[in-house]
Protein chains: 2
Amino acid sequence: MTVSRQRRATLPDVAALAGVSTAAAGRALGGYGSVSEEVRQRVLNAAEQLNYRANRLAASVRTGRTDTIGVVCADIESPFFARALRGISDVAHKHGFSTLVTNSDEDLTSERNAVQLLLDKQVDGIICAPADVQQVAHLAQAQGAGTPVVLFDRMSDHLDADAVIVDGVKAAYQAVSRLIALGHERIAIVAELRQPREQDWARFLTPAADVSPGVLSPSEARLLGYLRAHWDAGVPVRRELVRRTGAYDVGAAYRQMKRVLALKHPPTAVFLVDNLMTVGSYRAIRDSGISVPERLSVLAFDDLDWTVLVSPALSVIAQPVYEMGAEAARQLIARIRGGREDGPGTTVMDVTLIERESTAPVVRAPGPVLAPARAHGRRPPAARVAPSPSGASPGG
Amino acid sequence: MTVSRQRRATLPDVAALAGVSTAAAGRALGGYGSVSEEVRQRVLNAAEQLNYRANRLAASVRTGRTDTIGVVCADIESPFFARALRGISDVAHKHGFSTLVTNSDEDLTSERNAVQLLLDKQVDGIICAPADVQQVAHLAQAQGAGTPVVLFDRMSDHLDADAVIVDGVKAAYQAVSRLIALGHERIAIVAELRQPREQDWARFLTPAADVSPGVLSPSEARLLGYLRAHWDAGVPVRRELVRRTGAYDVGAAYRQMKRVLALKHPPTAVFLVDNLMTVGSYRAIRDSGISVPERLSVLAFDDLDWTVLVSPALSVIAQPVYEMGAEAARQLIARIRGGREDGPGTTVMDVTLIERESTAPVVRAPGPVLAPARAHGRRPPAARVAPSPSGASPGG
DNA sequence: CTGAAAGCGCTTACAG
DNA sequence: CTGAAAGCGCTTACAG
């Protein structure tokens, strides 16, 4: 079954049928310049008859605008970016822009290629969640060539651009402080922390250190908040409770969580730093048969579909993900339109700590912490005890 | 801080610097036609010096190709489409195509606009999950204008196009038959079923009816499989157990599930037809405090991150989502490249029934089915009993 | 292999 | 308001 591919009608076709010049036809259809009502009607009729649709590419070549926003996600499959994307595209559409979405998979080379592709396709501006906050020369170059850039979820000291973020340090600080207030002193953290940067951790360990958020990846920021919450509460940080996966990888999170639970002195609480870490770690917790929150309090970054479906429901730090995307789009469009005279700025959005059922006051563990797998959630709840007054960690 | 926007170098700029014609420069950089090695080098050097990047838009205007695939998702936020999108874009990139992603939100008007936008942007082909399998004239028109279309997740008798789908009738039949084999006779189903089509259901109710999959939406296909499994097993279909939400809406699924659980003769099993229905319904089940699988077996369509995180782990019908996306992209690219002589065809992918912990043999319910909310998962497991030999539904 | 010219389908000054 | 012409930045026949 062969479909006859009749050539698409072009502007000259319409103009000829309407008996006017191409220029007039373009003006009538494109909403620029001025035309008499009579010509407009003739052209509109002709266009309809020919089923005419303007070739936006051709127009873009001429005008230099594409009415398109390029987006570089770090992981398009994660609920975080999926939701943010919706915020971005809702705002974009409202303003007559479409979005061209790419994915870096947290890989710098992929990100550079993605940015290049967007630039080649002449997007009017770029929203990017940079894979590496230290390596952003390609973004600076885009800016230099006249394509505005808005950073999303991560900011960088090496780029003078608008950014829409959450204060990861503060959010983690709030989360971990809450756990400490519940009496926990052995709090594990599972985080990506791609770059080891152990030397920087040492620097972070100096309470007075002034660390710019623009040199921290999201997971580093959250680690810093974790550390600061400990210092401020006078709770020592246990190195073995800080678990680095090295990548945004569910399996790695699973393994790190398993490992930390198998310690002679296991944690009584855990802070999971993003949704991938949460999925992997939570699976490990479930497989280990540890009862939550009796033996282990769990607090996770990012609210997800399923956080209320598990038993007990997960306590979380919720980010305003949709709104973050929407705001990034708004800022970018303002730059594209040239309506902003001010220099680049950073917009910090607020998070919300939602306490559900997975966090509870610490309880003295009398026996072994491991229980048979699958028994999880079927045992009677352990008696809840007030936080132990002393700061001593439970005896081995 | 003003960034100096120096004009981007163009092909004539490069040609001038290299001391050759624009045509030669284009050939050297574009990989078409032939150039001497010496010219190539001079041009490459010049391009590098000027930081030249070809304007792909301009090239597209000339060639009529954009190396871009348009995608119309029904819900970009759902894990199903997010994963499929990855399959699509992985294959697309491998073949030198990028993707332009739009979203219909299951709305026909949005879909028409999206398709129009993609066409205006001159995409080389379109992958679409049509919101309405009956209303696809806009897609036929795209095909007529020479833009190939591949249907994804849903096929239509009204469009002669390639399609990549799962056999929803068969998959649901398999799922529900399994529940029946476990002794369940009161099996609820929660499904979108936007159009009431009650008259068609009546037709479906005739076992012999030959229903073409191309006239069914995914949820209708799954309903049909549900019905057929009942007939073939000689189990009567209870109208009150067929719950229609009318939209892909988590809240509506929650309400329908609540309602069916509140029936005097509640179901002993439930089949959840897609991931949104599952999230909403599962929340209702949890809030109702019904113990799974003791009082209610749960079987859901689509495997998700969290299906193994809840207690008990959910039994599911898993679709090969990534592979479905990849295959759709492969087929579309083959059409674009013109390498296919055969007519359009439908590719049906296999699903897998994964039995985990949420499905079990039916048990006679001695007392009331409702238990206090939140008690869920904390009670000792009910004794498991073999399926009752008679087909009688439990007494009220 | 190479270049001058035309052309893709639009929009934009520029006269009238 | 209207049209003839030039131009956006490429690629494509067409001669040489």
Side-chain angles (χ1 to χ4, degrees), chain A residues 5-44 46-47 50-68 119-124 145-147, chain B residues 5-44 46-47 50-68 119-124 145-147:
Chain A
R5 306 195 177 193
Q6 45 208 339
R7 195 176 64 84
R8 278 181 67 157
T10 65
L11 202 50
D13 297 333
V14 175
L17 183 59
V20 298
S21 71
T22 316
R27 285 190 279 256
L29 292 166
Y32 53 90
S34 38
V35 270
S36 66
E37 191 48 35
E38 197 221 323
V39 167
R40 173 193 309 284
Q41 279 310 327
R42 288 222 309 277
V43 171
L44 258 42
L50 296 175
N51 207 351
Y52 172 76
R53 283 254 113 208
N55 180 335
R56 306 250 265 123
L57 249 43
S60 291
V61 170
R62 188 71 241 261
T63 63
R65 284 176 287 106
T66 53
D67 299 325
T68 303
L119 255 20
D120 288 356
K121 293 219 165 190
Q122 314 294 123
V123 296
D124 295 339
T147 305
Chain B
R5 305 194 178 196
Q6 46 208 341
R7 194 177 66 85
R8 277 180 68 156
T10 64
L11 201 51
D13 298 332
V14 176
L17 184 58
V20 297
S21 70
T22 315
R27 285 190 280 256
L29 292 166
Y32 53 89
S34 39
V35 271
S36 67
E37 191 47 37
E38 196 221 322
V39 167
R40 173 193 310 285
Q41 279 310 328
R42 286 224 308 277
V43 171
L44 258 42
L50 296 175
N51 209 352
Y52 171 77
R53 282 257 114 207
N55 179 336
R56 306 250 267 123
L57 249 44
S60 292
V61 169
R62 188 70 242 258
T63 63
R65 284 177 287 105
T66 53
D67 298 323
T68 303
L119 256 20
D120 289 355
K121 293 219 166 190
Q122 313 295 119
V123 296
D124 295 339
T147 305

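Bear in mind that the values here come from a model prediction, so they are computed numbers and not experimental data. In the text below, chain A, chain B and the rest are named by the order of the sequence lines, each starting its count at 1.
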Side chain to side chain contact (heavy atoms under 4.5 Å, CB included) between B:L29 and B:L44, worked out:
CA-CA 7 Å; B:L29 292 166; B:L44 258 42; 3.7 Å; yes
Could you note down all residue pairs passing side chain to side chain donor-acceptor pair (under 3.5 Å) where residues 19-32 of chain A supplies at least one of them, sequence neighbours left out?
none
Check each residue of residues 50-63 of chain A for a non-hydrogen atom within less than 4.0 Å of any atom in DNA chain D, then write out the ones that pass by number, or none.
A:V61, A:R62
Test of understanding: with side-chain contact (heavy atoms from CB on, under 4.5 Å), list the residues that count as partners of B:N51, not counting sequence neighbours.
A:Q141
Who passes side-chain contact (heavy atoms from CB on, under 4.5 Å) against A:R62, sequence neighbours left out?
none
So, A:T147 side chain and A:D124 main chain: donor-acceptor pair closer than 3.5 Å or not?
no
B:N55: which residues meet the side-chain contact (heavy atoms from CB on, under 4.5 Å) condition with it, sequence neighbours left out?
A:Q122, B:L57, B:A58
Ranking A:V35 and A:T22 by the position along DNA chain D of their nearest nucleotide, the one closer to 5' is A:V35
5' to 3' contact window, DNA chain C with chain A (heavy-atom distance under 4.0 Å):
C:dG9 to C:dA13
Shortest non-hydrogen contact from B:K121 to A:T66?
NZ-O, 3.5 Å
Give every donor-acceptor pair under 3.5 Å between a side-chain atom in residues 11-20 of chain A and any protein atom, sequence neighbours left out.
from	atom 1	to	atom 2	distance (Å)
A:D13	OD1	A:R7	NH2	3.4
A:D13	OD2	A:R7	NH2	3.1
A:D13	OD2	A:T10	N	2.7
A:D13	OD2	A:T10	OG1	3.3

Give me the residues of residues 23-31 of chain B where at least one heavy atom lies under 4.0 Å from an atom of DNA chain C, by number, or none.
B:A23, B:A24, B:R27
Return each pair, listed once, that meets salt bridge (Lys or Arg N to Asp or Glu O under 4.0 Å) where at least one residue sits in residues 51-61 of chain A; pairs must be two or more places apart or across chains.
A:R53-B:D120, A:R56-A:D67
Just checking B:T10: base, sugar-phosphate only, or nothing, at a heavy-atom cut-off of under 4.0 Å?
sugar-phosphate
Dot-bracket summary - DNA chain D, pairs being Watson-Crick or G-U whose distances fall under 3.5 Å, with | when paired to another strand
|||.||||||||.|||
B:S60 (side chain) donor-acceptor with B:R65 (main chain) under 3.5 angstrom:
yes
side-chain contact (heavy atoms from CB on, under 4.5 Å) partners for B:S36, two or more places apart:
B:E38, B:V39
